[in-house]
Amino acid sequence: MKRIYLTVDDHLTQINTLEKGCWVHLQNPTREEIDGLNARFKLDPTYLQAALDEEESARIERDGDQMLIIVDIPYVEAEGNGYSYTTIPMGIIMVDDVIITVSTRESTIITDFTEERIRGFWTYKRTRFILQLLYRNASRFLNYLKHIDKSSMLVQERLQRSMRNQELLQMMKLEKSLVFFSTSLKGNEMVLEKMLRTDMLRQYPDDSDLLEDVIVENKQAMEMCAIYRDIMSGTMDAFASIISNNLNIVMKILTSLTVVLAVPSIIASLWGMNVNVPLQDSPAAFWLVLGISMLASACAFVVLWRKRMF
């Protein structure tokens with residue numbers, strides 16, 4: 001799907017033709033749309049394809065007056081009773097006073113711009129637009145990291161009430177999401193540092209300050225991600241130890257009960273043999289054997305109780 005936007009009278013307007021200063025957004029584009037843009041702007045054919053590869057890493061490439069920036073953006077989708085967090089690449093291409101953004105899926109970052117929730121946004125100010133995209137991306141990472149932290153707290157509360165594998169699996173999924181975020185944020189940091197070191201973008205003083213703000217926001221997201229990973233890893237280890245300890249306690253109690261119940265079973269087995277046994281002619285033999293069994297079981301229980309086996 002291809003959409004074209006242009007800022008007209010300080011308002012974002014969707015148009016049907018390519019114009020100077022417009023913004024073209026491609027979401028899971030067709031082959032015809034890709035070929036059309038490649039032919040129209042004489043793009044390097046690898047640019048659009050690279051942005052559509054979900055395994056592509058963050059980087060910057062430049063070929064003459066064409067420049068490709070690929071960054072990882074956070075993506076969330078519903079999965080069962082919770083949410084799954086991952087990252088996907090987004091490509092930003094600068095060519096002929098036009099900006100082209102490419103992604104395989106719908107992103108809230110793009111939606112924030114198309115629904116004009118970003119202040120000071122104009123499609124023809126390409127440098128500022130790119131930095132605003134990157135800043136919004138870093139902010140979205142921070143937002144999703146807070147969601148992951150809240151989700152982990154809810155799972156921990158459920159784990160305290162019932163030690164089930166389901167909660168541990170949910171914690172593992174959240175930890176996996178943090179690994180994805182950490183890797184993507186590090187890749188984005190390399191892109192931002194390269195933008196800061198080189199003059200690949202035309203930077204006005206305000207744009208230079210905005211780039212520094214983007215770098216600070218991205219570093220903050222990296223620090224938060226590292227903290228949450230450490231906390232979640234320690235929490236999972238603690239709960240795994242608690243579950244293992246609870247299992248040991250249950251096994252200890254069951255073993256102790258087996259020992260207590262084995263004593264009357266042995267006595268009953270001895271007096272149940274088809275041979276001459278003591279008290280076999282006594283009318284009170286049953287009650288005597290029962291009493292002996294109960295007394296022996298009680299003694300075994302007391303001994304195990306003193307050893308704290310219950």
- Here the salt bridge (charged side-chain N to carboxylate O under 4.0 Å, His left out) pairs for residues 140-153, sequence neighbours left out, are D112-R140
- Taking I99 as the fixed residue, which of H25, K125, R126 is the one that meets the side-chain contact (heavy atoms from CB on, under 4.5 Å) rule? R126
- Got a sec, which hydrophobics cluster with L295, joining ILVMFWY side chains under 4.5 Å apart, including via others? none
- Message: Could you walk me through whether W23 and F129 satisfy the ring pair (Phe, Tyr, Trp, His ring centres under 6.0 Å) test, starting with their C-alpha distance in whole Å, then the side-chain angles of each, then the deciding distance to 0.1 Å, before giving a yes or no?
- Response: CA-CA 10 Å; W23 164 34; F129 178 26; 5.0 Å; yes
- Identify the residue among T123, T101, I93, L37 that makes a side-chain contact (heavy atoms from CB on, under 4.5 Å) with V24. L37
- Message: Test your reading of the model: is there a side-chain donor-acceptor pair from E56 to the backbone of D53, 3.5 Å cut-off?
- Response: no
- Side chain D72, main chain A58, donor-acceptor under 3.5 Å: no
- With E54 via salt bridge (Lys or Arg N to Asp or Glu O under 4.0 Å) - residues at least two apart: R105
- Task: Give, for atom CD1 of I69 and atom CG of L134, the distance between the pair rounded to the nearest 0.5 Å.
- Result: 6.5 Å
- Query: How far does CD of E77 sit from OH of Y83, to the nearest 0.5 angstrom?
  - Reply: 11.5 Å
- Task: Please list all pairs passing the salt bridge (charged side-chain N to carboxylate O under 4.0 Å, His left out) test where one or both residues lie in residues 225-237, with sequence neighbours left out.
- Result: none
- With E115 via salt bridge (Lys or Arg N to Asp or Glu O under 4.0 Å) - residues at least two apart: R117
- Which residues satisfy the ring-ring contact (aromatic ring centres under 6.0 Å, His included) test with F141, sequence neighbours excluded? F181
- Identify, with sequence neighbours excluded, every residue that meets side-chain hydrogen bond (donor to acceptor under 3.5 Å, both in side chains) alongside T87. S184
- Message: Could you work out, with side-chain hydrogen bond (donor to acceptor under 3.5 Å, both in side chains) as the rule, every residue matching T46, not counting sequence neighbours?
- Response: D44
- Query: Ignoring hydrogens and geometry, is there a side-chain-to-backbone donor-acceptor pair from Q132 to L210 under 3.5 Å?
  - Reply: no
Sequence neighbours left out, cut at 3.5 Å: what donor-acceptor pairs do the side chains of residues 169-178 make with other protein atoms?
| residue | atom | partner | partner atom | Å |
| --- | --- | --- | --- | --- |
| Q170 | OE1 | R158 | NH2 | 2.5 |
| K173 | NZ | E79 | OE2 | 3.1 |
| S177 | OG | Y85 | O | 3.0 |
| S177 | OG | K173 | O | 3.1 |

- Query: Mind checking what makes salt bridge (Lys or Arg N to Asp or Glu O under 4.0 Å) contact with R128, not counting sequence neighbours?
  - Reply: D207
- Query: What distance separates L211 CG from L131 CG, expressed to the nearest 0.5 Å?
  - Reply: 5.5 Å
- Task: Could you pull out all residues at least two apart from R31 that satisfy salt bridge (Lys or Arg N to Asp or Glu O under 4.0 Å)?
- Result: D35
- Item | Any residue meeting side-chain contact (heavy atoms from CB on, under 4.5 Å) with T86, in chain and number order, not counting sequence neighbours | Y75, F180
- Query: Donor-acceptor pair, D97 side chain versus Y124 backbone, under 3.5 Å?
  - Reply: no
